[in-house]
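To keep things clear, I will list the structure first and then write my remarks on it.
Treat the numbers as computed from the prediction; the structure is a model and nothing was measured.
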Amino acid sequence: MPTITLPDGNNIKFQNEVTGLEIAEKISKSLAKQALIISVNGELKDLYHIIKKDSLIKIFTAKDPEGLEVIRHDTAHIMAMAVQELYPGTQVTIGPVIENGFYYDFARKEPFTEDDLKKIEKRMSEIIDKDVKTRREVWKREKAISHFKKIGEKYKAEIIESIPNNEELSIYHHGDTWYDLCRGPHLVSSGKIGKAFKLTKVSGAYWRGNSKNEMLQRIYGTGWANLKDLNAYLKRIEEAEKRDHRKLGKEMDLFHFREESPGSVFWHEKGWALFQKLIDYMRMKQDNAGYKEINTPEVLDRALWEKSGHWEKFGANMYTSITPDEKVFAIKPMNCPGCIEVFNQGLKSYKDLPIKMSEFGKVHRYEPSGALHGLLRVRAFTQDDAHIFCTEDQITKECLIVTDLILEIYKDLGFENVILKYSDRPDLRVGDDNVWDKAETALLEAVKATKLEYSINKGEGAFYGPKIEFVLRDAIGRDWQCGTLQVDFNLPGRLGASYIDKDGQKKVPVLLHRALFGSLERFIGILIENYAGKFPFWISPLQTVVIPISDEFDNYAIQVSKKIKDEGISSFVDLKKHNLNYKIRDHSHAKIPLLLICGKKEVDSNSVTIRRLDSNKQENMDLNLFLKTFSALNKASSN
RNA sequence: GCCCUUGUAGCUCAGCUGGUAGAGCAAUUGAUUUGUAAUCAAUAGGUCCGCGGUUCGAAUCCGUGCGGGGGCACCA
């Protein structure tokens, strides 16, 4: 005689044991229709799960995240069913729900094609139309293993073998012919899935995520509660594609890549202007924060990298170079050893600490070819790097100062939403564990003091110390990892850095590594996508284009442009033999923030007519007022 | 690095089952002197990614290398 308590506190008494579906029917017809899944005392269960005892329940529909998740999970199952029906001999492995959808990994010799996806979708649709019933069974471990082995599903058997002994093994049947080992829960029948799904792509994926294992074929799909949500999602993807920095970079003539140097950027005039603006800005910020800028060699003797530990721990990613007399040098993958060498030059006192040295250092890392991705993952990049040499007592405070600076700079560049990722010691590392203990404690303390949201990534620190990474969220809700702050008790000692302490003794300083943009290249990629190429005025690579109405006004336009440049604003005069409409279209596509039109009216009144990007309003302004107004707007704080 | 996919003019792309290439935009030349998103006309432009093979004949088929894209792995 269970008493069922609903989320609103109301009770329903039942004479006999009861299922979620029966409870839903008792509450209302429409709920019974919409119900997908139930939670019983906080645990998600199938709707036909039998409740015998008094319970607190909640029924979920497609409007709830829990409901949507089950829809996606069932869609993955139905996809696997369709695949095995269409392509006998294909083995199933795992098929989890992911953000916006699901995937399923299959083992099959022949590759799946785009055409296959359409066929599979069609078959899925048929299975959904048939509304096949779901049934749950509990199997004995031995039975399950031998059964899956017998039918040639060696991956399933392997999965079961790795499930702990005390766990219940549930098998879900969808209809009479297909079943899969699964924790569940699932919908009562395939018809509940609806038709708001789409198979999106096929790719390779290693069995159990390990690159030493064989490669399986993964089919990705997206799934939603209704067609409206599905279409909204597809629309979002389309919008994101329009912002693709590789596409915009080409259209806006910012940079290009070419075969001769995969993963290295050929910066064009405008892209380089943007690059330099970011450096100028950062230089100003760092100067105010007490950093001293240095510069160190790009090519350094192998012996230094052996001493620092890079040769051993990072060698696989390093470019090397052999001189005609057969000496081995490495092209720097990091700036830290060079910077420590600068610190080492001359005697340092505790009174000098903290010493903050910044360097816009270009580093080269031989990344796997498959990792390369436009500006976001390159083989040669410029870090806005800095190294802070300090005492142990100063760590937490200095970390906080760095964090404040980072947040201030992200805000200036349009990113207000920042979270932290804290990573501790990796397997491949240098230094004793008690040193790591100290470094981790100090950094975690700083993380907590920022009061920002943070996550902990076990074992993902740098080989010389723990780190935090700064993740920022862009205009369309995507997360990007940019800045980093690392505490290092190892490298300074390895490279012989020291200062004279109060007691006259030599001590090894602690080193904080930090980069705010991380990589200038990558950060520019993120900026392009965040702003969809429409940069704020101050950072725009070409801020103004002056357009004379006809060649009669060329001279005036040239003069105007010159005066604009005198104010430190970039400007180009378009004297080409094209009409005004043509030029407006051309420069609007190039996403120039301000077009300045000059004709008789402007010459007579010493003014310009402004057309702002994405506006067709005409705004006439006295030239001197224009210069005054926009030179005031030409800085980060006016963002 | 691994799986799949892809590589034609400066750019975006067309070229069915093999018969040595086309369009639009851009460029050049000429005409038009223009007031807010493409003025008109003419001309020129190609090692069809490289190498090898099949074939009387390859942009097209096969092999291989390199590059791009989507994932996986990697991201110190």
In whole angstroms, how far is the C1' atom of rC74(B) from the CZ atom of Phe314(A)?
-> 11 Å

What does Pro111(A) touch in the nucleic acid at a heavy-atom separation under 4.0 angstrom: a base, only the sugar-phosphate, or nothing?
-> sugar-phosphate

Does Phe197(A) have its ring centroid less than 6.0 Å away from the ring centroid of Trp224(A)?
-> no

What integer number of Å spans the P atoms of rG68(B) and rU8(B)?
-> 14 Å

Flag the pair Phe112(A) / Tyr87(A) as yes when their ring centroid distance falls below 6.0 Å, and as no otherwise.
-> yes

Separation between the C1' atoms of rG19(B) and rA73(B), rounded to whole Å | 46 Å

Within residues 425-441 of chain A: residues closer than 4.0 Å to RNA chain B (heavy atoms) | none

Roughly how far apart, to the nearest Å, are rG71(B) and rU36(B) at atom P?
-> 45 Å

Could you measure between the two P atoms, the one in rA44(B) and the one in rG1(B), and give it in whole Å?
-> 44 Å

d(CG, Asp105(A); C1', rC4(B)) in whole Å = 14 Å

Residues which pass side chain to side chain donor-acceptor pair (under 3.5 Å) with Asp424(A), listed by chain and number, not counting sequence neighbours | Lys458(A)

Considering only the P atoms, how many Å lie between rU54(B) and rG67(B), rounded to the nearest integer?
-> 28 Å

Rounded to the Å, how far apart are Glu260(A) CD and rG50(B) P?
-> 14 Å

Please state the P separation for the pair rA14(B) and rG24(B) - nearest whole angstrom.
-> 16 Å

Return the nucleotide paired to rA41(B): Watson-Crick means purine N1 to pyrimidine N3 with N6-O4 or O6-N4, wobble means G-U with N1-O2 and O6-N3, both under 3.5 Å.
-> rU29(B)

Atom C1', compared across rA23(B) and rG65(B): separation rounded to whole Å | 32 Å

Could you walk me through whether Tyr464(A) and Gln486(A) pass the side chain to side chain donor-acceptor pair (under 3.5 Å) test, one step at a time?
-> CA-CA 9 Å; Tyr464(A) 46 74; Gln486(A) 304 166 0; 2.5 Å; yes

In Watson-Crick or G-U wobble terms, both distances under 3.5 Å, what is the partner of rG19(B)?
-> rC56(B)

Interatomic distance, Glu521(A) CD vs rC75(B) C1' [rounded to whole Å] = 16 Å

For Met318(A) and rC75(B), give me the distance from atom CE to atom P, rounded to whole Å.
-> 17 Å

Is the closest basic N to carboxylate O distance between Arg108(A) and Glu110(A) below 4.0 Å?
-> yes

What's the verdict on side chain to side chain donor-acceptor pair (under 3.5 Å) for Tyr220(A) and Arg218(A), showing C-alpha distance, side-chain angles and the deciding distance?
-> CA-CA 6 Å; Tyr220(A) 283 93; Arg218(A) 175 172 297 178; 3.1 Å; yes

Quick one: are the ring centres of Phe266(A) and His256(A) less than 6.0 Å apart?
-> yes

Carefully, step by step, assess Glu341(A) and Thr296(A) under the rule side chain to side chain donor-acceptor pair (under 3.5 Å).
-> CA-CA 9 Å; Glu341(A) 300 282 54; Thr296(A) 65; over 6 Å; no

Each nucleotide of nucleotides 34-43 of chain B classed B (base within 4.0 Å of a protein heavy atom), S (only sugar-phosphate) or -, in 5' to 3' order, makes BBBBBS----

Watson-Crick or G-U counterpart of rC75(B), or none if no pair lies under 3.5 Å = none

What integer number of Å spans the P atoms of rU20(B) and rA58(B)?
-> 11 Å

Mind checking who rG67(B) pairs with, Watson-Crick or G-U wobble, both distances under 3.5 Å?
-> rU6(B)

Watson-Crick or G-U wobble mate for rG24(B), both contacts under 3.5 Å | rC11(B)

Footprint string (nucleotides 63-72 of chain B, 5' to 3'): B base within contact, S backbone only, - free, heavy atoms under 4.0 Å = ---SSSSBBB

Check every strand shown and say whether Glu251(A) touches a base, only sugar-phosphate, or nothing at a heavy-atom separation below 4.0 Å.
-> nothing

Hey, mind stepping through Trp267(A) and Phe275(A) against ring pair (Phe, Tyr, Trp, His ring centres under 6.0 Å) and telling me if it holds?
-> CA-CA 9 Å; Trp267(A) 287 106; Phe275(A) 196 104; 5.4 Å; yes

Do other residues, nucleotides or ligands put more than 12 heavy atoms under 6.0 Å from Lys247(A) NZ?
-> yes

May I ask you to check whether Phe343(A) and Phe389(A) place their ring centres under 6.0 Å from each other?
-> yes

Decide yes or no for Trp480(A) and Leu376(A): does some side-chain heavy atom of the first lie under 4.5 Å from some side-chain heavy atom of the second?
-> yes

What does the list of N/O pairs under 3.5 Å between the protein and nucleotides 12-15 of chain B look like, with a distance for each?
unit_1  : atom_1 : unit_2    : atom_2 : d
rU12(B) : OP1    : Lys250(A) : NZ     : 2.9

Can you run down the salt bridge (Lys or Arg N to Asp or Glu O under 4.0 Å) pairs that involve residues 300-309 of chain A, sequence neighbours left out, and say none if there aren't any?
-> Arg302(A)-Glu306(A)

Side chain Arg522(A) and base rC75(B) donor-acceptor under 3.5 Å | no

Full working for ring pair (Phe, Tyr, Trp, His ring centres under 6.0 Å) between Tyr104(A) and Phe102(A) = CA-CA 7 Å; Tyr104(A) 211 115; Phe102(A) 56 89; 9.1 Å; no

Stepwise side chain to side chain donor-acceptor pair (under 3.5 Å) test for Arg522(A) and Thr382(A) | CA-CA 9 Å; Arg522(A) 180 176 155 80; Thr382(A) 308; over 6 Å; no

